[in-house]
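Beneath this line is the structure, given in structure tokens, with notes to follow.
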Amino acid sequence: MDRWLFAKPAGGWKSKRRFVVGAGLCGARGYLTRPMFWTEEVAERAGAGPHIINDSKTPSGRVHVGALRGVLIHDAIFRTLKERGVEVRYLFGVDDYDPVDEIPKGEDSHFGQHIGKPLCNTPAPCGAEGDMAEFYIREFWQVFDELGVKVERYRMRDIYRAGKFDAEIDMILRNADKVRAVYKEVSGAVRPEHWLPFQVICEQCGCIATTEVSDYDGSTVAYSCLTSRMVNPKLGLGKGCGHEGRISPFGGNGKLPWKLEWVAKWKQFPVTIEGAGKDHSTRGGSRDVSAACYKAIYGADEPLRVPYEFFLVGGAKMSSSKGIGASARDMANLLPPEMLRFLMMRTKPNSPVNFDTHEEGIVKLFNEFDRAHTRYFAKQATPDEAMTYRLACLREPQPYKPANIQLATALVQMPHLDARAEMAKRLGTLTPADEGHLDERLASAREWVANFAAEEEKTRLQETLPARAAELTHVQRAFLHALADSLPEKWEDDAIQSRVFEVARMTPIEQPQAFKALYRVFLDREAGPKAGNLLAFLDRTFVEKRCREMVFDVAEFWQQSASTPEALAKWLEKEKDNIAGETSDIATHGTWVAKDIIYTFKDGKRVRKRLLSGGTALV
RNA sequence: GGGUCGGUAGCUCAAUGGUAGAGCAGCGCCCUUUUAAGGCGUUGGUUGCGAGUUCGAGUCUCGCCCGACCCA
């Protein structure tokens, strides 16, 4: 469908969607326009700038794959603004002053004693160096690098300790009454009169989640570490120590609750664009609270909102106890960076992205990306498609020959095959870009097979004849016997491949049926890699034995393979110029009489045709 | 319980109140010693259900059902 439309005249028709105004007038009906890509809409709403985009992550465990949605949405907006010549920065913060409130899987003994403390004051697990926050954010930063997401990184511990939020902390504490009013009005949460929006780190036990602060005098606050508060009631952990004291709220002695932390960031940096996931973005949610506080305290408008839906990954291993596939790192191992970006770019922020790691989902994603790539370089892409593709690429798009993912996953499962060589053979002459792409694609294929493929999706050589071989027709069984009878002396892929075709013509059997029979008895699948390759690396006697395992009935076989005289005549008419000669012989089986005619083509090929009579009298 | 968003072909999703579309899957045909490849064609819909507004509703309004999320 043509995406170029005539926009209705301004003021005439109502329009929900924004349009890009194209070049000049086009007739009397309106301007030549096209619908905006979602990043362009955001850029348009954002205005001239300069802009500061902000996003952040609390590294309380391995960073979940869903966190990439916001990261990449912000990156796409960042790149679009830059392309438009707008001055823009992209900041990304580590919320490492947040408390430990949950325990990462399997780390109970290590983190149990630290629950309630700031992440950056908690040692890393597994005896690793550094603190918990650094430990978990490190692999997330690595993914940023691989995805080509270039952000200005900051850590909340540095911000607080350097006193960069001191002015905001002071302002917010002085306006605590406004904060309480907003909480009550916007989200219905009632806070006690003495409550102040701040949490200090308890000087006695080091917890930050258990303290309650009151009485700000301009330089210090009073606090108590509540024994009545449990950071994680489910686990029964993180009780306060009962300590009471007075301390300065500045210089890293404590932090703002994160709804106010947002306010401080917006004010200090200052942030002009910050999206948030749907969990924060609903009415009366945390984003509304933060925005209202910002307005109440500073009289300022919140940064541009970009509410976005979730990024959900389902599939084979996701629900397994191993937990592979749930983290950003795991997903980056499976999907090349462009693919992961593509997944996010093509879906508008307000729609959820559901990605399935089952074979079908993987194949579909890769093939769609390859089609986008091909269309882009063939200049057949629509404006939206081109934009999606360009934003998916890490740098200026480079041409290369796409390597089919389905073939790649098949080949890497054949231990006796050189998958790379097989793929390369099919692609033809390779440029360095082709080679790089091919290696990347094979790595994805191997990762999928190793960590994501369900058992039934894997290609496995069948040690014994699979049960479903019973579904083979008698022609297919006869074909396998005939193949066993005439396996080539030279046990090489080309010779075997040729022989398969020849035996198929001489059985006779339709080619697809012949190949399906082979894949069934050896792999228990409908299809597979090139048959010659597959067989060449198996033991010859094993192949011969397997091919003879299914018995067939001659009468059934003949009936399934016979031509009608009409069909034969039609075929002869078509092929007569290519046929050099023919021989025939008669065979009988019970009351059936088969006349087999073998036609020899001018190029040496031989084809058997079978005419059948009799049989009916006895049946 | 209150709120937000969504429900369109088998699947994933488009569609400015103006003829409901695309990709994939499926099906059919063609080609082929590239057999998990290639080419061409094509089926498929009570737009969750029911009312209303309108010349006209997938789109707007109301009610209900289902799902996700937020708040309590």
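Below, chains carry the letters A, B, ... as their sequence lines are ordered, and counting in each starts from 1. Keep in mind that the numbers below use all heavy atoms, side chains included, and drop hydrogens, waters and symmetry copies.
Of the nucleotides present, B:rG23 is the one that pairs with B:rC11 by Watson-Crick or G-U wobble criteria, both distances under 3.5 Å. Remark: B:rC31 base-pairs with no nucleotide in the shown strands. Criterion, Watson-Crick or G-U wobble with two distances under 3.5 Å. Across all strands shown, B:rG3 is found opposite B:rC69 as a Watson-Crick or G-U wobble partner, with both distances under 3.5 Å. For B:rA37, there is no paired base (Watson-Crick or G-U wobble, both distances below 3.5 Å). When both pairing distances are held under 3.5 Å, B:rA57 makes no Watson-Crick or G-U pair with any nucleotide shown. Across all strands shown, B:rG63 forms a Watson-Crick or G-U wobble pair, both distances under 3.5 Å, with B:rC49.
Nearest to the side-chain atoms of A:N354 among the listed nucleotides B:rC13, B:rC69, B:rU33 stands B:rC13. With B:rG23, B:rC69, B:rU33 as the choices, the nucleotide that has an atom nearest any side-chain atom of A:E368 turns out to be B:rG23. Of the candidates B:rA68, B:rC70, B:rU33, the closest approach to any side-chain atom of A:K278 belongs to B:rA68. When distances are taken from the side chain of A:K348 to each of B:rG3, B:rU12, B:rA15, the shortest belongs to B:rA15. For A:K364, the listed nucleotide lying nearest its side chain is B:rG23; candidates were B:rC13, B:rC70, B:rG23.
For B:rC71, the OP1/OP2 oxygens have no side-chain nitrogen or oxygen of A:K184 closer than 4.0 Å. One finds a side-chain N or O of A:R371 lying less than 4.0 angstrom from the OP1 or OP2 phosphate oxygen of B:rC24. OP1 or OP2 of B:rU12 has not a single side-chain nitrogen or oxygen of A:S351 nearer than 4.0 Å.
Contact annotation for A:K530: backbone-only contact, meaning every heavy-atom pair under 4.0 Å involves sugar-phosphate atoms and none involves a base. Residue contacts shown for A:P352 are limited to sugar-phosphate atoms, with no base heavy atom under 4.0 Å away.
Rounded to whole Å, the P atom of B:rC71 lies 28 Å from the corresponding atom of B:rU12. Separating the C1' atom of B:rG7 from that of B:rG58 is a span of 11 Å, rounded to the nearest Å. Atom P of B:rA20 sits at a distance of 13 Å from the matching atom of B:rU59, rounded to the whole Å. Rounded to the nearest Å, the gap between the P atom of B:rU47 and that of B:rC27 is 27 Å. Between B:rA9 and B:rG48, the distance separating the two C1' atoms is 15 Å to the nearest Å. Only the P atoms considered, B:rC11 is 15 Å distant from B:rC49, to the nearest whole Å. The P atoms of B:rG67 and B:rA57 are separated by 30 Å, rounded to the nearest whole Å. Here, B:rG6 and B:rC60 have their P atoms 9 Å apart, quoted to the whole Å.
The distance from atom CG of A:D494 to atom C1' of B:rU33 is 9 Å, rounded to the nearest whole Å. Here the C1' atom of nucleotide B:rU33 and the CG atom of A:N533 are 13 Å apart, to the nearest Å. Per the geometry, CZ belonging to A:R606 stands 17 Å off P belonging to B:rU33, to the nearest Å. Per the geometry, NZ belonging to A:K401 stands 17 Å off C1' belonging to B:rG38, to the nearest Å.
A residue-by-residue look at A:E359 and A:R499 shows that A:R499 has its nearest nucleotide of RNA chain B further toward the 5' end. Comparing A:T347 and A:R525 by the nucleotide of RNA chain B whose heavy atom lies nearest to each, the residue mapping closer to the 5' end is A:T347.
Under the 3.5 Å distance criterion, the side-chain polar atoms of A:R341 are matched with a main-chain donor or acceptor of A:L391.
Aromatic ring orientation, A:H280 versus A:W262: perpendicular (interplanar angle above 60°, classes split at 30° and 60°).
Residues A:H437 and A:P402 share a closest heavy-atom pair of NE2-CA, 3.5 Å. The two residues A:L72 and A:M345 have their closest heavy-atom pair at O-CE, 3.4 Å. In plain terms, the two heavy atoms of A:A531 and A:L518 that are nearest each other are CB-CD1, 4.1 Å. Residue A:V449 comes nearest to A:T409 through the heavy atom pair CG2-O, 4.1 Å, listed as atom of the first residue, atom of the second, then distance. Heavy atoms only, all atoms of each residue included: A:L343 and A:R346 are closest at CD1-NH2, 3.6 Å.
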